[in-house]
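Input: a single structure, listed below in structure tokens.
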Amino acid sequence: MDALLQNFFNFAVFRDVFPSLLRGLWTTIWLSLLVIPIGLVSGLVLALIATQARNRWLRIGIAIYVDFFRAFPPLVLLILIYFGSPFLGLEIPKLMAVAIGFMLNNSSYFSEVFRAGIEAVPKGQMEAARSTGLSKLQALTFVIVPQATRNVLPDLVGNCIEVVKLTTIASVVALPELLRAARDAQSLVYNPSPIVLAAALYLVLLWPAVRLLSRLEHRGRAVR
Amino acid sequence: MQAPILEIVGLKKSYKDNAVLRGIDLKIFPGQLVCVIGPSGSGKSTMLRCCNRLEEPTGGQVVVDGVHITNADTNLNKVRQGIGMVFQQFNLYPHLTVLGNVTLALRKVEGLPKFEAQERGRKALEKVGLMDKEVAFPEQLSGGQQQRVGIARAIALNPKVMLFDEPTSALDPELVGSVLNVMRQLGKSGITMLVVTHEMAFARAAADHVVFMDGGVIVEEGPPSQIFDSPTHERTRAFVSRYTQGH
Amino acid sequence: MSSASGFDQFIHTFFNVEIALLYLPEIASGAGVTILLSLAVVVTGLALGLALAVLRSLQAKPLNFFIVIYADVLRALPPLVVIIIFFFAFPFIGLSMSAFTATWLSLSLVLGAYAEESIWGAIVALPAGQTEAARSTGLSWWKTMLYVVLPQAFRMALPPLTNRVISITKNTALGSVVALGEILNKAQSASSNSGNPTPLILGAAMYLLIFLPVVIAARWLETRSSRAV
């Protein structure tokens, strides 16, 4: 028991490493705020093209893109971009490699979510909107997409939570987010308490979102 | 002689090798309430949906107020502002209020400012007797009320002709009457209406002109007294007798 | 000496056949680890989730409390953090474990949390009439669970679960961070040894070979079950 407290919940260590962990947390937060909107927007655009495009090859192309990046582990993608790019003669900064990797990965997940939502909107909605003279773009903007988003709100929230958790892979390319800060601190003080503290910070950050997600999922089911 | 407000000329529609419409010619004059009756599969709804090109005709033409809407270069969105449609499944937007449903096209297509759009919307709601429901959401309304909102949404645009696609077929029997009453009043107020329906009593009482369709063609058309009481064709007689006997 | 053409150089750098063949055995062994680990995680994770969901149906308040805490915590924590804790922190209290064990344990616990939530959600969503009918014909609580509730709940939970299983098994790549000899780890060391990124490409191809069929199968499964509904 003593060993547990000394090693995992060492308050002296907590106090010492807290500032640097806080800086790491801040990096995690703004990194998330950067990549989530990019994923959402690109995912929505892809889903719209996939569901509305008349060109069969375009739809197939998007399905291939989506399946490809759903099958590709994000960490591998990141490593490939970051360590492979110098061989192309490109010096990609860490942040950009992370952003690109995340965009490719997230856009495919979000596009699948949005696609399901769009397909769940009854066909009659588009007909009604068009019958009143709304253009296709207007119908999508004011009638279809709002309903599609509502349909898949739990999945969207769930995916956003996944993205925040995914930021930990940036620690592998030494981006100074929370996990990297914790591991660096751990090797400095030779005590794993920083990691426990980091875990606690992740919980503080994400537990409310997970609770919200559970509530959304159950509410959705009740309506159906 | 007035010019027809809606004219269908040689309309054909096939899906692969299934010919649903085999050549329809029909003239509808301003202010008329025309009912289209016929067995399921006769092509009634398809014909109606060709009139605002929700279905694309494979042959023939549709002319609305002198505009050949079946031409490839017509501005379809603009044309549809002049044609109102009421759907069997209502198709109200669930994420908007009643007033929101009615004013969406007014704001986004006609470009009216919010205040004006709402005034026009309220007038339309008044015509269908639902002024007190403007902030309700569709899921809070009964089927009959939802359909009346659907009607209000269509007439708010002041269309030249109103198309009704089996407007009461999805309603519980006790709610059908409220919708038919609204439709009858609209007819009396001079709006041109083309109604596909199974409600024979309504057709008989309210229509100026009745069209009987079967197998993708118009078999017979004429005033209600002709179609229901003294039909010329045997198929018309057979169809109509099934309904008049039961009731 | 390769030709001066840029394209040739690109191929020589990223798709170098010599180097690929040289390191293929190593990376293939990594693939074996990836596959083995994935299968192990899927089996234990789903079994854990199922067991917890059934326990939750017993409606015992104190037990439920812990199950809910577990599910929330393991869904909120990034998997990599869990792996790091098991591999780097636990030795400090005398519990060392191999990289394989740490990764397997972590991912199973995470999958278990998601599986419990999905299955429990499906159990709750099942109409009460189902259990009423079963019990009224004399089936015991346990038999009702086994023959009526769980089969239906599992079918309902399948779509979100298949997606979740795919993500979790891809997370086996995280094992490379604690030096587990799976594909990424092997590919990275081969790459730095040879000073050439071809092994990384080979590793990526290996992952795709394993996971693309799974993703496509999941997509097919999803369309089939939605049609059946």
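Here is how names work: the chains are called A, B, and so on, in the same order as the sequence lines, proteins then strands, and each is numbered from 1.
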Which residues in residues 169-177 of chain A have any heavy atom lying under 4.5 Å from a heavy atom of chain C?
A/I169, A/S171, A/V172
Does C/T162 reach the main-chain N or O of C/L158 with its side chain, forming a donor-acceptor pair under 3.5 Å?
yes
Quick check on A/D67 against chain C: is it the side chain, the backbone, both or neither that has a heavy atom closer than 4.5 Å?
both
Is it true that a side-chain atom of C/E182 and a backbone atom of C/N185 form a donor plus acceptor pair closer than 3.5 Å?
yes
Pick one of side chain, backbone, both or neither for C/T169, based on which atoms fall under 4.5 Å of a heavy atom in chain A.
neither
Passing option when C/L39 is tested against C/V42, C/L36, C/I35 for side chain to side chain contact (heavy atoms under 4.5 Å, CB included)
C/I35
Under a 4.5 Å heavy-atom cut-off, does chain A meet the side chain of C/L77, its backbone, both or neither?
both
Which residues from residues 77-96 of chain A are near chain C, with near meaning under 4.5 Å between non-hydrogen atoms?
A/I79, A/L80, A/F83, A/G84, A/F87, A/L88
When the 4.5 angstrom heavy-atom criterion is applied to A/D155 and chain C, the contacting part is neither
With a 3.5 Å cut-off and no angle check, do the side chains of C/N196 and C/S194 form a donor-acceptor pair?
no
Point-to-point distance, once rounded to the nearest 0.5 Å, from CG of C/L80 to OH of A/Y202
8.0 Å
Could you give the distance from OG (C/S38) to CH2 (C/W104), rounded to the nearest 0.5 Å?
14.0 Å
Is the centre of the C/Y70 ring less than 6.0 Å from the centre of the C/F66 ring?
no
Honestly, the part of C/F90 sitting under 4.5 Å from a heavy atom of chain A is both
Among A/R183, A/Q6, A/Q186, single out the residue with the greatest number of heavy-atom pairs under 4.5 Å to chain C.
A/R183
Hey, which residues of residues 19-30 of chain A are touching chain C, say heavy atoms under 4.5 Å apart?
none
Of all the residues in residues 103-120 of chain A, which have a heavy atom that comes within less than 4.5 Å of a heavy atom in chain C?
A/N105, A/Y109, A/E112, A/R115
Give a yes or no on whether a salt bridge exists between A/E162 and C/R164, defined as a side-chain N under 4.0 angstrom from a carboxylate O.
yes
Where on C/I210 is there a heavy atom nearer than 4.5 Å to chain A: the side chain, the backbone, both, or neither?
neither
Tell me whether the centres of the aromatic rings in A/F11 and A/F14 are closer together than 6.0 Å.
yes
Among C/I166, C/I85, C/V73, C/V82, who wins on heavy-atom pairs under 4.5 Å with chain A?
C/V73
When you measure from the side chain of C/S191 to the backbone of C/P199, do you find a donor-acceptor pair of N or O atoms at a distance under 3.5 Å?
no
So for A/V204, is it side chain, backbone, both, or neither that comes closer than 4.5 Å to the heavy atoms of chain C?
neither
Is the backbone of A/V163 close enough, under 3.5 Å, to the side chain of A/T167 for a donor and an acceptor to pair up by distance?
no
Select one option (side chain, backbone, both, neither) describing which atoms of A/F8 are under 4.5 Å from chain C's heavy atoms.
side chain
Residue part contacting chain A, namely of C/N171, when any heavy atom lies under 4.5 Å:
neither
Side chain, backbone, both or neither: which part of C/L174 has an atom under 4.5 Å from a heavy atom of chain A?
both
